[in-house]
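Here's the structure, in structure tokens; my notes come after.
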Amino acid sequence: MKETTIAAISTAKASAGISVIRISGEDAIQIAERVFTAKSNIRLSGKKGYTCALGCAHADGEKIDECIATVFRAPNSYTGENVVELSCHGGLYVTNRVLRAVYDAGAEPAEAGEFTKRAFLNGKLDLIEAEAVMDIISARSRGAVKAALSVKEGALSKRIDAVKAALLSKAAHLSAWADYPEEDIPEVEEDELNSALQDALAELEGILKSYDNGKILRDGIDTAIVGKPNVGKSTLMNLLAGYDKSIVTSVAGTTRDVVEESVSLDDLILNLSDTAGIHHTEDIVEKIGVDKAKNRLNASSLILCVFDGSQPLTGEDRELMEEIGDAPAIAILNKADLPQAVNPKEVEEHFSAVISMSAKRSDGVDALIAKIKEICAVQDFDSAEALVYNERQRNLTKKAFDSTREALTALEIGMTFDAVTVSIEEAVAYLCELTGERVTDEVVDRVFHNFCVGK
């Protein structure tokens with residue numbers, strides 16, 4: 001582990017009630033003592049871990065601010081090192097002045113994610129759990145927070161460790177039986193080995209399948225709101241966004257560009273695009289808007305197709321239905337507060353999901369959310385389950401799955417146990433890289449590169 005003591009602002013770099021400057025390393029307490037004096041005159045070096053002191057931060061004999069120093073002693077800290085956190089008033093000048101004093105006292109500026117990186121290197125958490133820290137910070141919905149927190153607490157690591165332990169046990173048995181025939185080592189039973197490999201394969205497949213749900217929770221669902229002019233697309237956009245994001249008037253064709261907003265609905269994030277009304281027009285500007293709407297329709301993972309339920313379906317409505325085809329879509333018969341002129345069965349022929357609602361009166365939102373979950377196959381999803389949350393995790397899990405499958409195939413076609421062992425050991429190596437037990441410095445640096453400074 002590095003011998004330097006690092007420091008950074010761990011709260012947002014903006015005016016706030018308080019700011020926290022975190023100092024971590026062997027000399028963290030001594031460095032903090034050079035810039036902090038407790039009102040009780042008790043030195044920080046004399047305080048136990050998990051204790052605080054009220055006092056003042058100072059530099060060059062000048063008082064900077066009143067603050068609280070919290071002491072954590074190794075190994076019982078976030079990083080596993082000695083840590084002191086100075087909580088001062090949250091003004092930008094005050095915070096930066098205290099940080100500068102800490103640097104002048106001997107600390108080095110922390111790199112992006114270096115506190116969490118040190119926690120990983122000091123064995124406080126594995127690489128999967130470390131990645132979850134950033135997922136918690138960047139979470140945009142309740143579901144995303146629950147999922148990331150579950151991974152941070154070891155839910156995914158425990159599943160990976162269980163598979164790894166089972167494969168290691170079989171690899172060790174195979175190697176011992178082959179290398180020490182003179183010893184009284186139980187013979188490898190093919191049926192038992194086959195069963196163990198089948199179980200490992202099934203578990204890895206289940207872990208891989210969680211990636212799609214993790215991606216939905218993390219990134220959201222790209223969702224296009226489409227329909228002909230004046231069916232209530234912008235009213236629906238504003239209802240879901242919770243404020244007037246799109247302009248709404250009685251004049252058809254008000255929206256001529258794509259209006260975007262990310263909204264959190266229950267445990268889901270929808271990356272909404274309110275598009276121009278799709279219809280035949282000779283207006284050059286409207287044509288550009290219609291083309292953009294069609295492009296967004298084709299690029300989206302989910303389509304909310306809005307119809308005016310108070311007016312009979314038109315040729316343009318039917319053309320839009322045909323253009324959507326088999327894409328994941330929900331038909332919304334809007335303006336349910338008015339007498340209805342659309343027969344729902346006409347729409348149900350083209351859509352697997354049809355709901356009636358009044359965006360103007362905010363009626364039908366719960367039904368829409370339920371249909372979205374159904375279409376995206378997340379209605380029964382528990383966000384607290386262990387999830388594969390990024391491409392690194394998915395890639396290594398897939399490699400471990402493929403190696404395990406190769407081991408099973410080798411066993412089933414009658415290849416030597418040596419060949420089976422090689423594939424099992426490959427799978428174990430990928431799982432060790434996944435958790436960080438065997439990983440290069442380059443991979444570790446890449447993982448923490450996207451962290452914020454101070455975390």
Side-chain angles (χ1 to χ4, degrees), residues 1-11 18-58 67-88 95 98-134 136-137 149 151-154 157-158 161 435-441 443-445 447-449 451-455:
M1 189 60 256
K2 296 180 180 179
E3 295 181 357
T4 57
T5 295
I6 57 173
I9 300 168
S10 286
T11 43
I18 64 168
S19 289
V20 176
I21 293 93
R22 177 180 284 166
I23 312 166
S24 179
E26 186 177 350
D27 298 328
I29 296 173
Q30 289 76 12
I31 289 173
E33 281 185 327
R34 296 169 192 155
V35 300
F36 174 85
T37 301
K39 288 193 173 182
S40 63
N41 290 320
I42 297 175
R43 295 173 60 85
L44 295 181
S45 56
K47 297 190 73 64
K48 297 180 180 179
Y50 300 118
T51 58
C52 301
L54 174 65
C56 292
H58 49 79
C67 63
I68 293 174
T70 307
V71 177
F72 304 87
R73 291 191 174 272
N76 301 314
S77 71
Y78 179 73
T79 63
E81 304 172 328
N82 288 333
V83 171
V84 176
E85 292 182 352
L86 299 176
S87 302
C88 60
T95 304
V98 174
L99 179 63
R100 194 181 321 127
V102 171
Y103 290 156
D104 290 342
E108 297 289 335
E111 298 174 359
E114 191 171 359
F115 293 107
T116 304
K117 183 178 180 180
R118 290 190 175 202
F120 162 68
L121 294 174
N122 287 324
K124 300 295 290 185
L125 66 177
D126 66 27
L127 205 53
I128 293 174
E129 294 163 352
E131 288 174 312
V133 171
M134 199 62 211
I136 292 172
I137 294 171
L149 188 59
V151 175
K152 167 67 173 61
E153 292 175 346
S157 297
K158 289 174 183 175
D161 287 342
T435 58
E437 292 170 81
R438 302 177 193 170
V439 66
T440 65
D441 291 342
V443 170
V444 173
D445 290 340
V447 167
F448 292 100
H449 175 72
F451 273 56
C452 52
V453 173
K455 193 55 186 172

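- Between the side chain of K455 and the backbone N or O of T11, no donor-acceptor pair lies under 3.5 Å.
- Residues A110 and Y103 come closest through the heavy atom pair N-OH, 4.5 Å.
- Looking at heavy atoms from C-beta onward, I21 lies out of side-chain contact with E85 at the 4.5 angstrom threshold.
- Smallest separation of non-hydrogen atoms from F451 and E131: CZ-CA, 4.4 Å.
- Within a 6.0 Å sphere centred on CZ of R34, other residues, nucleotides and ligands contribute more than 12 heavy atoms.
- Listed by chain and number, the residues in a side chain to side chain donor-acceptor pair (under 3.5 Å) with T95 are S19 (sequence neighbours excluded).
- Using modelled atom types, one finds no donor on one side chain facing an acceptor on the other under 3.5 Å when comparing Y50 with T70.
- The two residues F72 and S77 make their nearest non-hydrogen contact at CB-CB, 3.6 Å.
- Checked by atom type and distance alone, the side chain of T116 never pairs as donor or acceptor with a backbone atom of G113 at under 3.5 Å.
- Without hydrogens or angle criteria, N122 side chain to G80 main chain gives no donor-acceptor distance under 3.5 Å.
- Under the 6.0 Å distance and 45° angle rule, R22 counts as a cation-pi partner of Y78.
- Taken from OG in S87 to CG in L54, the straight-line distance is 11.0 Å, to the nearest 0.5 Å.
- Contact of the V84 side chain with the L86 side chain is registered, since non-hydrogen atoms from C-beta on lie closer than 4.5 Å.
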May I have the step-by-step check of side-chain contact (heavy atoms from CB on, under 4.5 Å) for E26 and E81, ending in yes or no?
CA-CA 6 Å; E26 186 177 350; E81 304 172 328; over 6 Å; no
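- Of all heavy-atom pairs between G454 and S10, the closest is O-OG, 2.6 Å.
- Side chain to side chain, T79 and S24 meet the donor-acceptor criterion of an N or O pair below 3.5 Å.
- With salt bridges taken as basic N to acidic carboxylate O contacts below 4.0 Å, none links E129 and K152.
- Using a 4.5 Å heavy-atom cutoff, the side chains of F120 and V439 are in contact.
- Under a 3.5 Å cut-off, the side chain of R73 and the backbone N or O of K47 do form a donor-acceptor pair.
- The distance from the CG atom of L121 to the CG atom of L127 is 9.5 Å, given to the nearest 0.5 Å.
- Side-chain contact between I31 and V102: present, with at least one pair of heavy atoms (C-beta onward) separated by less than 4.5 Å.
- Between the CZ atom in F115 and the CD1 atom in I23 there is a gap of 8.5 Å [rounded to 0.5 Å].
- The side-chain heavy atoms of I29 and V71, taken from C-beta on, include a pair separated by under 4.5 Å.
- Under the salt bridge (charged side-chain N to carboxylate O under 4.0 Å, His left out) criterion, D104 pairs with no residue at all, not counting sequence neighbours.
- Here the OG1 atom belonging to T37 is positioned 13.0 Å from the CD1 atom belonging to I42, to the nearest 0.5 angstrom.
- K158 meets the salt bridge (charged side-chain N to carboxylate O under 4.0 Å, His left out) test with no other residue; sequence neighbours excluded.
- A donor atom on one side chain and an acceptor atom on the other are not found under 3.5 Å apart for T4 and E108.
- Side-chain contact between I6 and P109 is absent, with no heavy-atom pair separated by less than 4.5 Å.
- The closest side-chain donor-acceptor pair between D126 and T435, if any, does not fall under 3.5 angstrom.
- Shortest non-hydrogen contact noted between A28 and N82 is CB-O, 3.3 Å.
- Looking at S45 and E33, their side chains do bring a donor and an acceptor atom within 3.5 Å of each other.
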Kindly determine whether F36 and C56 satisfy side-chain contact (heavy atoms from CB on, under 4.5 Å), including the steps that lead there.
CA-CA 6 Å; F36 174 85; C56 292; over 6 Å; no
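- In terms of heavy-atom proximity, L44 sits nearest to A32 at CD1-CB, 3.7 Å.
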